[in-house]
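Below is one structure, written out as structure tokens; the observations come after it.
Please read these numbers as outputs of a predicted model, since none were measured by experiment. By convention in this document, chain letters (A, B, ...) are assigned in the order of the sequence lines, proteins followed by strands, and residues within each chain are numbered from 1.
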Amino acid sequence: MRYWLMKSEPEEVSIDDALAAPDSTVAWTGVRNYQARNFMRDAMHVGDGVLFYHSGCAVPGIVGLAEVASTAYPDPTQFDPASHYHDPKATPETPRWQMVDIRALRKTRVLPLAELRADPELAGLMILQRGSRLSITPVEAADWRHILRLLDRPATAADTRSKP
DNA sequence: GCCAACGTTGGC
DNA sequence: GCCAACGTTGGC
């Protein structure tokens with residue numbers, strides 16, 4: 001059992017989109033980075049935990065929980081000349097790009113990138129490393145547990161005080 | 001829109 | 001194999 005953080009632009013596929021899909025499952029299409037591909041192909045297993053992250057939006061951060069729902073298989077968009085993700089060097093006989101299915105489990109509160117960055121316990125989180133822009137990164141078990149605790153906690157002390 | 005950082009490409 | 005040029009990511 002491993003843990004992952006997977007970025008998606010909400011305008012492409014948001015946590016709401018994923019939850020609204022059949023079986024809350026979406027094909028994680030469009031990965032065009034070898035390192036990210038290799039994570040999916042070589043290290044992911046069905047049932048692995050996924051932190052669903054929104055990037056390229058007003059408040060980037062973790063917005064939900066998901067799980068890996070399939071092993072890796074060829075991303076069909078690489079063969080489609082009409083697709084934004086078309087890769088002219090890929091053929092069905094020699095595919096380059098793989099993807100997995102991701103099943104959304106639930107929304108969480110938004111846990112902003114800024115809050116992750118401010119937490120000394122998460123200093124080793126791959127997404128926080130300088131210049132890191134990988135869309136799929138492994139998450140250490142200790143970091144996973146820590147983040148789950150943060151997600152179940154109100155964002156600020158002020159929120160706690162304002163509770164009736 | 002800007003820009004830092006990184007990945008990929010292709011000439012040599 | 002080197003490296004300059006270019007493209008992309010993604011926060012701000």
Side-chain angles (χ1 to χ4, degrees), chain A residues 2-21 26-44 48-68 72-102 104 107-140 143-144 146-151 153-156 158-159:
Chain A
R2 298 190 192 214
Y3 305 99
W4 305 94
L5 184 147
M6 299 179 74
K7 297 181 192 173
S8 180
E9 297 187 14
E11 296 197 351
E12 291 281 321
V13 181
S14 70
I15 183 71
D16 289 319
D17 294 336
L19 283 167
V26 291
W28 208 260
T29 186
V31 171
R32 292 297 180 270
N33 171 282
Y34 289 106
Q35 217 179 330
R37 179 202 68 182
N38 294 348
F39 282 139
M40 289 193 289
R41 188 188 62 192
D42 304 334
M44 275 191 183
D48 282 0
V50 173
L51 301 168
F52 201 111
Y53 180 98
H54 279 177
S55 66
C57 54
V59 184
I62 295 164
V63 295
L65 297 177
E67 65 181 7
V68 175
Y73 58 101
D75 180 343
T77 61
Q78 70 191 302
F79 313 126
D80 177 4
S83 169
H84 177 241
Y85 298 118
H86 179 235
D87 183 342
K89 294 183 180 167
T91 67
E93 294 72 35
T94 56
R96 273 195 176 188
W97 305 110
Q98 305 271 120
M99 63 183 187
V100 295
D101 294 339
I102 295 297
K107 287 177 84 166
T108 61
R109 75 172 175 96
V110 177
L111 175 45
L113 175 61
E115 189 177 338
L116 296 172
R117 190 155 266 149
D119 191 328
E121 288 216 30
L122 295 175
L125 196 65
M126 196 174 289
I127 199 188
L128 300 180
Q129 305 314 304
R130 176 181 185 80
S132 163
R133 9 167 251 189
L134 260 189
S135 64
I136 299 175
T137 50
V139 174
E140 297 293 319
D143 290 340
W144 170 269
H146 186 71
I147 287 169
L148 287 198
R149 285 195 293 273
L150 293 177
L151 288 169
R153 191 174 295 167
T156 66
D159 293 343

**Set of residues satisfying ring-ring contact (aromatic ring centres under 6.0 Å, His included) with respect to Y3(A), sequence neighbours excluded** = W144(A)
**Asked** Can we say D75(A) and R32(A) salt-bridge, meaning some charged N sits less than 4.0 Å from an Asp/Glu carboxylate O?
**Response** yes
**Message:** Of all nucleotides in DNA chain C that come within under 4.0 Å of a heavy atom of chain A, which is furthest toward the 5' end and which toward the 3' end?
**Reply:** dG7(C) to dC12(C)
**Message:** Any side-chain to backbone donor/acceptor pair from R109(A) onto L150(A)? Under 3.5 Å, distance only.
**Reply:** yes
**Request:** Determine yes or no for a side-chain-to-main-chain donor-acceptor pair under 3.5 angstrom, with Q78(A) supplying the side chain and W97(A) the backbone.
**Result:** yes
**Item:** 5′-ward residue of the pair K89(A)/R133(A) relative to DNA chain B
**Value:** R133(A)
**Message:** With salt bridge (charged side-chain N to carboxylate O under 4.0 Å, His left out) as the rule and sequence neighbours excluded, what pairs involving residues 77-101 of chain A come up?
**Reply:** D87(A)-R96(A)
